[in-house]
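All of these numbers come straight from a predicted model, not from anything done at the bench. Chain letters run A, B, ... following the sequence lines, proteins first, then strands; residues in each count from 1. Note: hydrogens, waters and symmetry copies are ignored here, and every other heavy atom, side chains too, is used.
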Amino acid sequence: MKIATFNINGVKARIDTLSAWLEASKPDVAMLQEIKSVDEGFPRAHFEDMGYTVETHGQKGFNGVAFLSRLPLEDVTRGLPGDDDDPQARWIEATVIGTRAIRLCNLYLPNGNPAPGPKYDYKLAWMERLAVRARALLDAQEPALMAGDYNIIPMDEDAARPEVWREDALARPESRDAFRRILNLGFTEAFRARVQGPGHYSFWDYQAGAWDRNHGIRIDHVLMTPDCADLLVECWIEAEQRGRDKPSDHVPVWVELDA
DNA sequence: ATGTCGAATAGGATTCGA
């Protein structure tokens with residue numbers, strides 16, 4: 001089973017780019033972030049016609065997450081538990097049925113800038129809620145993963161120019177600590193289980209020629225429970241997508257599972 | 001002058017979020 005997480009930066013603006021990618025790269029499951037659409041505005045029929053089951057959790061204007069799957073999805077839930085008053089659509093879960101059942105948590109973690117400030121407080125509070133859900137996934141002792149745009153640069157080696165990001169919400173110590181605490185509960189970060197060293201990025205800003213200069217950062221991650229990590233075959237970043245026509249500012253991050 | 005983009009509001013340029 002091949003699963004990709006992909007922040008698409010607007011499903012309606014990206015429909016041609018996304019369709020071409022699906023045809024060429026053929027994910028069994030695509031976990032999408034920043035659909036920037038309400039559920040009723042999502043081009044559901046278009047992707048169903050391409051052979052995908054569609055599950056969305058959208059809102060007006062910003063945020064929004066969705067699954068496109070060629071395999072059956074069960075037990076879909078929407079919203080990160082822990083704050084019933086949180087209106088932001090940043091979390092959707094489903095169980096995908098392959099040769100094994102895998103629980104998939106699709107997340108768009110708050111950016112948090114400017115930091116410090118209320119947006120940064122929201123980011124850190126959201127990560128506390130994420131840690132609670134993460135512990136429950138581990139307690140279940142089943143194959144599960146949490147994938148998406150974490151808006152976290154885990155280490156300096158994950159940025160082409162770490163000095164630029166030092167005070168940014170994506171790299172501040174509190175952000176990195178919160179991410180590391182979740183990892184240390186017992187998760188495996190799929191990419192670092194397979195590839196070491198600097199120079200691997202999943203996002204390049206639209207501004208200042210970031211792609212041409214390879215001024216990237218690695219902020220899209222896949223965290224796996226032990227039962228899921230045992231199924232990991234490979235993990236890779238499809239960086240070449242950033243050079244295509246009308247690209248997102250993020251690229252897909254893939255895991256292949258023996259499932 | 002962040003060498004930009006997408007969506008919303010409003011009915012074209014501006015604002016927000018990233």
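- To the nearest 0.5 Å, the span separating NZ on A:K123 from CG on A:N111 amounts to 6.0 Å.
- Atom CG of A:D168 is separated from atom P of B:dA18 by 12 Å (rounded to the nearest Å).
- The nearest whole Å value for the distance from the CG atom in A:N9 to the C1' atom in B:dG6 is 6 Å.
- The closest side-chain donor-acceptor pair between A:W21 and A:E238 falls under 3.5 angstrom.
- Nucleic acid contact for A:F203: none, since no nucleic acid atom lies under 4.0 Å from a heavy atom of the residue.
- Using a 3.5 Å distance cut-off with no hydrogens or angles, the side chains of A:D220 and A:S202 do pair a donor with an acceptor.
- Rounding to whole angstrom units, CH2 of residue A:W204 and C1' of B:dT4 are separated by 16 Å.
- Rounded to whole Å, the separation between the P atoms of B:dA18 and B:dA1 comes to 24 Å.
- Side-chain atoms of A:N106 and A:Q33 include a donor-acceptor pair closer than 3.5 Å.
- Ring centroid separation for the pair A:Y206 and A:W211 does not come in under the 6.0 Å cut-off.
- Considering only residues two or more places apart in sequence or on other chains, A:R172 meets the salt bridge (charged side-chain N to carboxylate O under 4.0 Å, His left out) condition with A:E167, A:E174.
- The pair A:D212-A:R242 does not count as a salt bridge, with every side-chain nitrogen at least 4.0 angstrom from each carboxylate oxygen.
- Counting to the nearest Å, the C1' atom of B:dA8 and the CD atom of A:E34 are 15 Å from each other.
- The separation between A:Y120 atom OH and B:dG17 atom C1' is 18 Å, rounded to whole Å.
- Of all the residues in residues 56-65 of chain A, A:K60, A:G61, A:F62 reach under 4.0 Å from DNA chain B with at least one non-hydrogen atom.
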Report task. Quick one: do A:R244 and A:E240 satisfy salt bridge (charged side-chain N to carboxylate O under 4.0 Å, His left out)? Show the steps, please. Result -> CA-CA 7 Å; A:R244 302 189 78 92; A:E240 58 270 26; over 6 Å; no
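- Looking at the side chain of A:N111, the nearest of the listed nucleotides B:dA18, B:dA7, B:dG6 is B:dA18.
- Residue A:Y108 contributes atom OH, which lies 12 Å from atom C1' of B:dG6 at whole-angstrom precision.
- Taking atom NE2 on A:H250 and atom P on B:dT4, their separation rounds to 18 Å, with Å as the unit.
- Regarding contacts with the backbone of B:dT4, every side-chain N or O of A:R242 stays at 4.0 angstrom or more from both OP1 and OP2.
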Report task. Starting from the C-alpha separation in whole Å, work towards a yes-or-no answer on ring pair (Phe, Tyr, Trp, His ring centres under 6.0 Å) for A:H215 and A:Y201. Result -> CA-CA 9 Å; A:H215 287 171; A:Y201 312 126; 9.3 Å; no
Report task. Under 3.5 Å for both distances, Watson-Crick or G-U wobble, that's the pair rule; now give the dot-bracket for DNA chain B, with | marking pairs to another strand and [ ] for crossing ones. Result -> ...((((((...))))))
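- Rounded to whole angstrom, the span from the CG atom of A:D205 across to the C1' atom of B:dT4 amounts to 7 Å.
- If you find the closest nucleotide of DNA chain B to A:V38 and to A:D212, the one lying nearer the 5' end belongs to A:D212.
- Checking the phosphate oxygens (OP1, OP2) of B:dG6, a side-chain nitrogen or oxygen of A:K246 falls inside 4.0 Å.
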